[in-house]
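Shown next, in structure tokens, is the structure this report addresses.
A quick note: this is a predicted structure, and the numbers were derived from the prediction, not measured.
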Amino acid sequence: MITDRDRLAINSIRILSAEAVQKAASGHPGLPMGAATMAFTLWDRVMRHNPVNPSWPDRDRFVLSAGHGSMLLYSLLHITGYDLSMEDIRNFRQMGSRTPGHPEYGHTPGVETTTGPLGQGLANGVGMAIAETRLAREFNRPGFPVIDHFTYVLAGDGCMMEGITSEAASLAGTLGLGKLVVLYDDNRISIEGSTDLAFREDVSARYRAYGWQVIEVPDGEDSAAVLEALEEARKDSGRPSLIRVRTIIGYGSPAKQGTASAHGEPLGEENLKEAREKLGWKEEPFHLPAEVISLADEHRERGRQAEEGWHRMLEAYFSANPEMRTHWERWFSRQDVESVLGDPEFWRYEKEEATRSASGVILNRLAGRLANLMGGSADLAPSTKTLMKDHGDFSADNPGGSNLRFGVREHAMAAIANGMALHGGLIPYVSTFFVFTDYMRASMRLSALMGLPVIYILTHDSIGVGEDGPTHQPVEHLMSLRAMPGIRMFRPADSRETAYGWKAALQEQKAPTVLVLTRQNLPLVPGTGEGAMRGGYVLRDSTEKPQLILMGSGSEISLLNGAWEILTERGIPCRLVSLPCWELFENQSPEYRESVLPSEVTCRISAEAGVTLGWERYAGSDGVLVGLDHFGASAPGEELFRAFGFTPERIVGEAERILNGK
């Protein structure tokens, strides 16, 4: 039964949201006003969380997939006692505030993930639920459910329209993720008007077909019905649950509720005044009644007790299972990772083969040392070499498996990995062909924006793909991802550099790493090795001052090496530089970068089987850029390299031309 204080708290969310949007002169008041009742019911009656310690490992997670309704989340955080002040609320959407227009992970206490691009949050929630399930299987023992929490997602009509949601929800049903509960804010309004304009499907039937439990709440203002639905959802351990809640967007505004104009614009001063009157709101702007203010202390105390109880259980668990203390620390404190990173022999690899194959060998080495490594591919594991042998498939029947079979769902795959990384305790990796980053770019961008150490294993990296033709031959993708802030792209020249690319990926904890790998076999290039971890280094040099610098990445290093040998035989002093990771190279000191690419040597040639745009950064405005500023073709890879001028002879000819000033 809803109390008078509950009603005050719910209306606090509505009014605070509307006031903050009005003061900012931008934002989305409609969702917070319409979804306030179900959100408060969840946070106040069901969710287990600690406002004083938002990173408590066994907390319930809340994801606002419909991130445009950020003021709903900020209001909840404020009234339940998180470190988010009324001044922060007043500064909604302002420069430097802790209340940005869309929720940002790592920026605002209590925000579990960055949301805004619709559907991303729901897919993140699937990843969090996978992590909870895997960790529970690893650590829980009879009487000691040390990993036992739910992931709650609030999604809107727009989320339900997005393809990523369908991908993620389908997989969640297949995996039987019973700790995932999605509250669907079914207000039937989008920016352009009624959802009937473009969206008339039976969402409930779709989710039942996915294998979800679906619960209908016909009146979003019925807190008791919402609570009953949440309790029913929590009882179904074998299926994720969709609670479809019928709400009214902008509820409380006589002029705006139920209309598209409530979605993404301020109510207006007069309409805000009318909303205050309708909701019986007596407080001054940005003030709450004492009854609501007292909720913060209650939630902090409730959270403190819940976490302290969990810590007592954890210590009792360690006492009863002493071997599990070390095991726990190895998964949650990266002890195993540090051990692997410090073992030089572990990274030694001397075989000539495709870098995708070398990566597969290294991945399986790691799987034997890092038990919390978990990931898979978008139905391409045999080609991308990303199956961890003898580690089982994660499934509803085997929650202890480490291999994830994502199916052909690239976009959701990347967003799910983000959710796994956000949850903690696991080292997630995902894989597909490099060209299909087009299908997952939005999620990769959020990996970078949040600084998540997701490892992307992307193979079949150039025209070397061969007969599959230009649809499968990435041309612009290297530069496209290099242009993305916060991401590190590593394109190794051979198996040795591949090993160190993996080492660099595991070393990085504040950014995603992309390993771009070949389908075709590559020879070992003299000089490759640990220097790759600096992003760029000298492979081969002349005994005298070089007149020419040859540079590139990946498979083109071997052809540049062939050119270096020819030029050296002809008495032309030149230097060969490998630049497998521009981002790492740019992080080196100016002195080091100058030592690799001395500014006095202006005759330079770059070679990379992709668009040439960007290589002028290192080759200079007068440098020769050997690349591919057009799409490929269908033919054996070796023929394509010859046809498009990727040969040592081409490089030698270009070198002689520029050295002779022609």
Side-chain angles (χ1 to χ4, degrees), residues 117-127 129-130 134 159-177 180 201 206-212 240 356 359-360 363 374-388 391-398 401-421 428-447 454-462 465-474 477 480-481 512 514-517 519 634:
L118 295 177
Q120 287 283 340
L122 193 148
N124 293 165
V126 173
I130 288 173
R134 176 69 182 89
C159 295
M160 293 300 157
M161 297 182 206
E162 287 283 3
I164 187 175
T165 307
S166 298
E167 291 182 18
S170 175
L171 183 61
T174 300
L175 296 176
L177 299 176
L180 174 64
E201 69 186 49
R206 172 156 64 99
Y207 274 73
R208 289 190 182 100
Y210 289 151
W212 288 52
R356 62 167 175 162
S359 172
L363 172 63
M374 187 175 186
S377 79
D379 196 45
L380 288 170
S383 292
T384 60
K385 311 299 182 186
T386 46
L387 184 70
M388 292 183 286
H391 283 74
D393 293 338
F394 179 86
S395 68
D397 298 323
N398 181 28
S402 295
N403 290 294
L404 275 165
R405 306 288 190 167
F406 287 101
V408 188
R409 302 182 178 100
E410 292 90 355
H411 196 181
M413 174 179 71
I416 288 168
N418 287 343
M420 294 166 64
Y429 70 89
V430 294
S431 179
T432 186
F433 291 172
F434 189 32
V435 75
F436 297 141
T437 53
D438 290 333
Y439 283 155
M440 52 200 271
R441 184 180 177 86
S443 295
M444 295 178 75
R445 184 175 188 271
L446 285 168
S447 298
V454 175
I455 300 171
Y456 290 93
I457 306 168
L458 305 174
T459 69
H460 297 59
D461 75 331
S462 70
V465 172
E467 293 87 346
D468 278 339
T471 61
H472 283 56
Q473 294 167 2
H477 300 71
S480 174
L481 287 181
V514 178
L515 301 175
V516 182
L517 309 171
R519 176 196 184 213
S634 178

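Contact record, Asn418 with Asn124: CB-ND2, 3.8 Å, taken as the closest heavy-atom pair. When all heavy atoms are compared, the tightest approach of Ala168 to Ala412 is N-CB, 3.7 Å. Heavy-atom minimum distance, Ser402 versus Arg134: OG-NH2, 3.5 Å. In terms of heavy-atom proximity, Met413 sits nearest to Ser377 at SD-C, 3.7 Å. Across every non-hydrogen atom of Gly401 and Phe394, the tightest pair is O-CB, 3.4 Å. Closest heavy-atom contact between Phe406 and Gly375: CE1-C, 4.4 Å.
Looking at Leu458 and Thr432, their side chains come closer than 4.5 Å, going by heavy atoms from C-beta outward. Two residues are said to be in side-chain contact when any heavy atoms from C-beta on lie closer than 4.5 Å; Leu175 and Arg405 fail this criterion.
In this structure, Met388 CE and Tyr429 OH are separated by 3.5 Å, a value rounded to the nearest 0.5 Å. Distance check: Ile455 CD1 to Thr386 OG1 gives 12.5 Å after rounding to the nearest 0.5 Å. Interatomic distance, Arg519 CZ to Thr384 OG1, rounded to the nearest 0.5 Å: 13.5 Å. Here CZ of Phe434 is found 11.0 Å from CG of Leu515. Values are rounded to the nearest 0.5 Å. The structure places OG1 of Thr165 at 5.5 Å from CG of Leu122, a figure rounded to the nearest 0.5 Å. Leu404 CG to Asp393 CG: the interatomic distance, rounded to the nearest 0.5 Å, is 8.5 Å.
His477 and Asp438 share a donor-acceptor pair across their side chains, judged by distance under 3.5 Å alone. No hydrogens or angles considered: a donor-acceptor pair under 3.5 Å links the side chains of Ser480 and Arg441. Side-chain atoms of Arg206 and Ser166 include a donor-acceptor pair closer than 3.5 Å.
In this structure, the side chain of Ser170 does not engage the main chain of Glu167 through any donor-acceptor pair within 3.5 Å. A donor-acceptor distance shorter than 3.5 angstrom exists from the side chain of Gln473 to the backbone of Gly466, with no hydrogens or angles considered. Put simply, the side chain of Arg356 never gets that close to the backbone of His460: no donor and acceptor are under 3.5 Å apart. Between the Ser634 side chain and the Glu467 main chain, a donor and an acceptor come within less than 3.5 Å of each other.
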Original post:
When you look at Ile164 and Ser443, which way does the side chain to side chain contact (heavy atoms under 4.5 Å, CB included) test go after all the steps?
Top reply: CA-CA 10 Å; Ile164 187 175; Ser443 295; 3.9 Å; yes

**OP:** Tell me, with the steps shown, if Ile416 and Arg409 meet side chain to side chain contact (heavy atoms under 4.5 Å, CB included).
**Re:** CA-CA 10 Å; Ile416 288 168; Arg409 302 182 178 100; over 6 Å; no

Subject >> Evaluation steps, side chain to side chain contact (heavy atoms under 4.5 Å, CB included), between Leu517 and Lys385 >> reply: CA-CA 11 Å; Leu517 309 171; Lys385 311 299 182 186; over 6 Å; no

**OP:** Might you work through the side chain to side chain contact (heavy atoms under 4.5 Å, CB included) test for Val408 and Tyr439, ending with a clear yes or no?
**Re:** CA-CA 11 Å; Val408 188; Tyr439 283 155; over 6 Å; no

